[in-house]
Amino acid sequence: MTDTISDCAAAVSAFFADAFAELDGWRNDLSGGEPAVRPTDLDAHVEGLVVPALTGTSPLFVGAGFIAAPGYVRGRDIHFAWWLGPQTGNPLLGSSSSATRLDLATRAYTDYVRDFRTLEWYQVPQSTNQTHVTGPYVDHLCTCEYIFTLTMPVRIDADTPMVGVVGADVSVRRLETAVLPLFLAADRPLALVNAVDRVVLSTEPTVQVGQLAPHSGNWLECTGLPFRVLVGPDPLPRL
Amino acid sequence: MEAHNGGGARDAIFAQLHDAGRTEQVTARLTDAIILGVLAPDERLPSESDLARRFGVALITVREGLAVLRDAGLIETRRGRGGGSFVMKADAPHSTLVQARLHGLAQVDLSDTADYFATIVEGCVQRAAVRASQPDSDRLDRWLNRADFSTVAGARTNAGGFYLELAILSQSAQLVRELIRLQAEFGPLLLLGMTDPDARQSLLDSNRAIAGAVRANDGASARQLATEQVRGLAEWLLNAKARIERGGAVND
């Protein structure tokens with residue numbers, strides 16, 4: 001049965017590895033560029049890379065793009081080249097049948113954007129030079145969905161400063177569809193949690209998605225991710 | 001014999017959608033935002049097509065709505081490069097319009113909406129308290145320490161911003177969506193009392209207490225504080241309505 005549980009952890013790792021492989025392709029493509037770019041050139045480049053991953057029958061990502069470090073894009077302190085997949089009934093953005101560019105001109109974004117360098121999805125890859133998974137969290141700026149944000153640092157040369165991060169948003173629902181059947185096949189309740197023990201998915205009914213699950217028992221790490229699979233998670237008291 | 005339970009729920013599925021008077025809805029939404037100070041003078045509104053997409057209405061509906069606002073002197077349309085629809089600088093505060101808005105709402109609807117708003121905020125706050133991690137609490141404190149509640153505009157923006165932060169911490173996408181919708185519809189009105197410096201200070205104190213309860217993962221206290229906060233805002237609003245109905249002004 002330990003095999004089944006390690007299969008679960010491996011499946012989660014494989015799901016994110018596939019997603020990061022896509023990001024790695026974008027990173028390689030973008031890191032071949034000049035040390036400074038014009039906004040229009042960058043936007044066209046990024047759009048060509050990410051939009052195919054946001055459209056189609058069952059896209060892996062709900063949003064994706066490139067966030068430039070200050071100074072990389074000529075004349076811009078802040079530059080977001082970010083696209084969103086088709087939206088249905090989005091409370092902020094309405095509906096659209098095709099990919100749309102995230103518009104940062106509206107005022108609600110300004111406070112958020114001003115200090116994006118301190119935000120986890122930017123700051124962690126910058127300081128560690130590693131890929132990072134932020135979340136799960138409710139994305140109130142774009143999709144209003146429960147998502148993960150995957151980010152990866154982009155450098156022109158290994159020893160030069162980061163020019164930005166490539167990133168993509170994955171809905172928790174998408175991961176659940178891919179791995180929940182395996183979790184249900186185990187003979188014990190399991191819960192997948194992130195680095196602060198927030199539940200991503202669970203087969204123990206008192207331990208629900210979004211809750212924090214303190215855990216005293218065994219667990220398995222998901223290789224390459226800040227996630228682990230709790231085996232027989234402690235039942236949680238009622239809210 | 002067929003079971004009849006659940007009939008009400010089945011009927012609700014087919015209830016009429018809220019699509020009557022869409023121009024009026026567009027007008028009301030933007031008018032509230034302008035007269036209650038959420039949209040600032042000289043601020044440019046999103047483009048007509050962007051508004052149509054966001055509101056989920058036809059372009060013609062947006063154009064009709066904007067025409068009403070233009071006739072009311074709330075926006076002006078500038079042509080050419082850098083053009084668009086801009087919020088007009090008011091010569092006098094929009095107090096006449098605010099009075100008209102409050103007069104036009106029945107007390108029973110004001111109370112009911114405040115109750116509904118309170119219910120959503122209480123749910124957000126309680127779950128936020130139970131579900132906030134240590135880093136979440138740190139972020140919430142940082143957010144609150146930087147938020148300005150000393151000015152009218154600052155208090156209005158940040159009061160709504162704080163509710164949103166709490167909804168996010170609840171980890172519920174539906175609560176976030178509902179709060180955004182509710183704030184768009186009712187937020188400006190509910191925060192009318194922010195013209196009062198004492199109300200601003202007491203809101204800030206209340207928010208600090210909520211942040212403390214979130215840090216302590218104390219759902220029950222957080223919920224109680226949220227109940228009291230929204231009740232305070234609603235009482236201010238109902239008092240203002242009563243003053244207007246007696247022939248007075250919005251403020252004392």
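Just so it is clear: chains get the letters A, B, ... in the order the sequence lines come, proteins before strands, and each one is counted from 1.
- Using a 4.5 Å cut-off between heavy atoms, Ser170(B) makes no contact with chain A at all.
- Atom CD of Gln134(B) sits about 11.0 Å away from atom CG of Leu212(A), to the nearest 0.5 Å.
- Residue Leu175(B) holds its CG atom at 11.5 Å from SG of Cys144(A), rounded to the nearest 0.5 Å.
- In this structure, chain A has a heavy atom under 4.5 Å from the side chain of Asp136(B), while its backbone stays farther away.
- More than 12 heavy-atom neighbours from other residues, nucleotides or ligands sit within 6.0 angstrom of CZ on Arg78(B).
- With a threshold of 4.5 angstrom between heavy atoms, Leu45(B) does not approach chain A through any atom at all.
- Side-chain atoms of Arg198(A) come within 3.5 Å of backbone N or O of Arg131(B) as a donor-acceptor pair.
- Closest approach of Ile168(B) to Val138(A), counting heavy atoms only: CG2-O, 4.0 Å.
- Contact between Tyr146(A) and Gln171(B) at its shortest, heavy atoms only, is OH-OE1, 2.6 Å.
- Within 6.0 Å of CD in Gln174(B) there are 12 or fewer heavy atoms belonging to other residues, nucleotides or ligands.
- In this structure, chain A has a heavy atom under 4.5 Å from the backbone of Ala132(B), while its side chain stays farther away.
- Looking at Arg177(B) and Glu145(A), their side chains come closer than 4.5 Å, going by heavy atoms from C-beta outward.
- The environment of Arg70(B) atom CZ is dense: over 12 non-hydrogen atoms of other residues, nucleotides or ligands sit within 6.0 angstrom.
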